[in-house]
Amino acid sequence: MSLRVKNAAGKALTTSLIYRFVSVVGPLILIPLFVKYLTPEEYGTWLVVLSISSYFFLTNPGITQVVSNAVARDITAEKVDYYSQVASSGYYLFRKITVYVFTAATIVFVSIEIFFTSTFLESISVPLVITISLILLTYPLYLYRSILVGLGRIHIEQISALFLGALFRYILTILLLLSGFKLIALSIVYGLSNFLPSLGSKFYLKNLLPRFKISKKKKNNEITKNMIKPTASFFILYISGSLLNSADNIIIASIVEVSSVPRYAVPMQLMWLFVTVVGLFSSTRMPLISGLHKKRKLEELRSLFKTLLFFSSIVAVIVVFNLLLFGEALIVNWAGPEIFPGNDVFYCMLIFALLFSVVYPSDAILSATEKHSSYANMTGVEALLNVMLSIYLTYQLGIKGAIIGTIISRLLTNGWFMFYRTLRVIEYKYLDFLAWLFKDIVRPVIIISILLLALKYFNVLGNYPLYVHIFVWNLVIFIVL
């Protein structure tokens with residue numbers, strides 16, 4: 001019996017878009033509340049807690065992705081025992097890692113409490129311990145969500161993440177802030193919101209596949225060994241991505257001051273939300289990519305890559321143009337003038353958003369085909385380079401140095417390497433790709449840039465209201481496209 005879902009890609013895209021929409025709207029509602037009900041030091045501390053705790057998600061060294069890929073290669077009810085073996089092997093490997101990390105983290109935190117004293121450490125220690133403990137104790141259950149993704153039921157996994165994760169976290173966070181609760185309560189809610197979607201996925205799987213079960217008896221040592229090589233590469237990707245995503249907040253808190261973190265982290269959070277939403281169109285195609293590559297349908301794979309790249313690039317350009325023109329007004333009216341980092345920092349953040357958005361199709365291709373080992377190594381180089389440059393430049397330039405370091409490290413590494421590696425995997429000739437890229441993406445963007453600069457230079461719109469400016473500028477963009 002086939003377990004394939006009709007129009008799986010469409011359902012996955014729809015639910016993922018809804019989930020990402022809620023994930024975007026949630027912080028848009030929460031950030032002004034954080035600014036209002038927490039002091040700059042408290043909010044900065046909370047952002048640092050989230051940054052540090054994000055590293056503990058690295059206890060998943062790619063196991064979830066390997067499990068999803070293994071299931072996606074052959075979706076049929078007759079394979080349920082194999083799915084149980086794959087999931088059980090991954091789960092107990094995952095749990096062993098989290099136990100070791102939890103033990104090591106406990107020793108480190110106890111040592112810090114004994115040998116170091118500071119006001120910042122005292123304010124951060126309790127919420128940080130709660131958040132990390134909840135992550136480590138419950139994270140292996142994420143395997144249930146991975147099985148759903150591999151079975152092509154991304155829409156079910158996303159629904160679970162939406163109601164039991166995002167909405168649960170946002171609604172309770174709002175209620176806690178309005179009720180005067182602070183960081184400890186926020187850390188409990190955050191930890192639970194990462195755990196509950198896994199329980200929802202487990203319940204659905206038990207109804208879909210009654211014979212499916214994660215247990216020690218189902219664990220297969222051979223499968224576990226076969227997981228290690230792709231898992232190692234995914235781990236390098238995850239740890240490098242985490243360094244790229246959250247190291248800057250810790251660097252700014254250490255070098256500048258913790259109260260400066262919101263001015264950097266809040267606009268960057270918006271950039272990451274935007275980049276993630278753009279990447280959603282690519283990530284939901286990963287099961288399809290895996291299947292096409294397995295069947296060696298390279299022509300279809302090249303066509304899909306061009307579609308994903310076109311979508312990612314054009315959406316990124318549209319959003320960046322809008323934020324370039326109206327971003328300051330939007331952020332000031334939304335979160336307050338104390339959150340806007342200044343035009344020079346904000347413009348650098350827009351460059352960051354563009355650079356990171358356009359590589360998502362390559363990330364999806366390389367991850368889904370498990371041809372990502374060299375990409376993972378390059379990402380490791382990028383992460384280390386980013387940390388070194390950000391530390392040096394933050395000392396020299398303040399918070400602007402952190403984002404400049406991130407941009408430079410991306411341009412020197414994955415800004416070009418991910419495209420190079422993807423073209424090799426899908427066997428796409430470089431000159432053919434460059435010709436298509438110029439014709440379908442670069443040329444329209446140049447035309448749009450010239451027209452928009454002309455509109456601004458000649459002040460065509462004069463003193464019309466902001467919404468008129470937004471409408472006219474975007475009308476020009478859509479006409480050209």
Side-chain angles (χ1 to χ4, degrees), residues 1-9 11-12 15 59-99 137-161 164 195-235 283-296 367-372:
M1 181 183 71
S2 175
L3 291 173
R4 295 190 179 276
V5 180
K6 291 183 179 179
N7 193 26
K11 291 179 180 179
T15 53
T59 50
N60 168 25
I63 296 171
T64 55
Q65 185 64 56
V66 172
V67 169
S68 293
N69 289 349
V71 173
R73 291 190 188 101
D74 194 359
I75 302 176
T76 174
E78 286 71 30
K79 290 282 188 177
V80 65
D81 290 332
Y82 171 69
Y83 301 155
S84 297
Q85 290 180 343
V86 170
S88 297
S89 302
Y91 175 82
Y92 285 100
L93 176 61
F94 202 162
R95 196 175 75 170
K96 182 184 292 186
I97 294 170
T98 57
V99 169
L137 293 174
T138 62
Y139 200 15
L141 293 172
Y142 199 102
L143 265 296
Y144 289 103
R145 297 173 65 175
S146 301
I147 294 293
L148 283 181
V149 172
L151 290 172
R153 283 165 169 78
I154 299 176
H155 59 293
I156 301 296
E157 188 268 338
Q158 290 289 281
I159 289 171
S160 180
L164 300 178
F195 160 59
L196 293 177
S198 300
L199 290 185
S201 299
K202 178 180 179 181
F203 176 78
Y204 180 86
L205 271 174
K206 293 300 292 183
N207 285 276
L208 177 67
L209 299 172
R211 287 167 45 212
F212 175 82
K213 186 178 181 180
I214 292 179
S215 68
K216 277 193 174 181
K217 292 181 179 179
K218 299 285 186 180
K219 180 183 172 184
N220 185 296
N221 291 331
E222 189 64 30
I223 293 176
T224 302
K225 290 179 182 178
N226 291 335
M227 285 183 176
I228 293 175
K229 184 176 180 180
T231 292
S233 296
F234 279 124
F235 178 68
S283 61
T284 55
R285 296 297 192 276
M286 287 178 64
L288 174 60
I289 292 168
S290 182
L292 290 174
H293 185 262
K294 180 183 178 182
K295 297 173 184 176
R296 298 296 296 169
S367 297
T369 60
E370 295 185 3
K371 302 291 185 180
H372 57 286

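Both backbone and side-chain heavy atoms feed into the values below; hydrogens, waters and symmetry mates do not.
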Residues passing the side chain to side chain contact (heavy atoms under 4.5 Å, CB included) test with Thr15, sequence neighbours excluded, are His155, Gln158, Ile159

Sorted by chain and number, sequence neighbours left out, side chain to side chain contact (heavy atoms under 4.5 Å, CB included) with Lys217 holds for Ser215

Is there side-chain contact between Phe94 and Thr64, with heavy atoms separated by less than 4.5 Å? yes

When you compare the side chain of Ile156 with that of Leu208, does any pair of heavy atoms fall below 4.5 Å? no

| NZ (Lys96) with more than 12 external heavy atoms under 6.0 Å | no

Contacts of Tyr139 meeting side-chain hydrogen bond (donor to acceptor under 3.5 Å, both in side chains) (sequence neighbours excluded), chain-then-number -> none

Sorted by chain and residue number, the side chain to side chain contact (heavy atoms under 4.5 Å, CB included) partners of Val149 (sequence neighbours excluded) come out as Ser68, Ile154, Glu157

Distance col, row Phe212:CZ vs Lys202:NZ, nearest 0.5 angstrom, shows 10.0 Å

d(Ser84 OG, Leu205 CG) to nearest 0.5 Å is 9.5 Å

Taken to the nearest 0.5 Å, the spacing of Lys295 NZ from Ser290 OG works out to 10.0 Å

NZ or CZ of Lys79 within 45° of Tyr82 ring axis and under 6.0 Å: yes

dist Lys218:NZ -> Asn220:CG (nearest 0.5 Å) comes out at 11.5 Å

Non-hydrogen side-chain atoms of Val67 and Tyr83 separated by less than 4.5 Å = no

Residues passing the side chain to side chain contact (heavy atoms under 4.5 Å, CB included) test with Thr369, sequence neighbours excluded, are Ile289, His293, Lys371, Val425

Between Ser367 and Met286, the two heavy atoms sitting closest are CB-CE, 3.7 Å

Between the OG atom in Ser160 and the OH atom in Tyr144, the distance rounded to the nearest 0.5 Å is 13.0 Å

task = Would you indicate whether the side-chain heavy atoms of Arg145 and Pro197 approach each other to under 4.5 Å?
result = yes

* Asked: With side chains defined as the heavy atoms from C-beta onward, is the minimum distance between Pro140 and Thr98 less than 4.5 Å?
  -> yes

Any side-chain heavy atom of Leu209 sitting closer than 4.5 Å to one from Ile147?
no

Between the CG atom in Leu143 and the CG atom in Leu93, the distance rounded to the nearest 0.5 Å is 9.5 Å

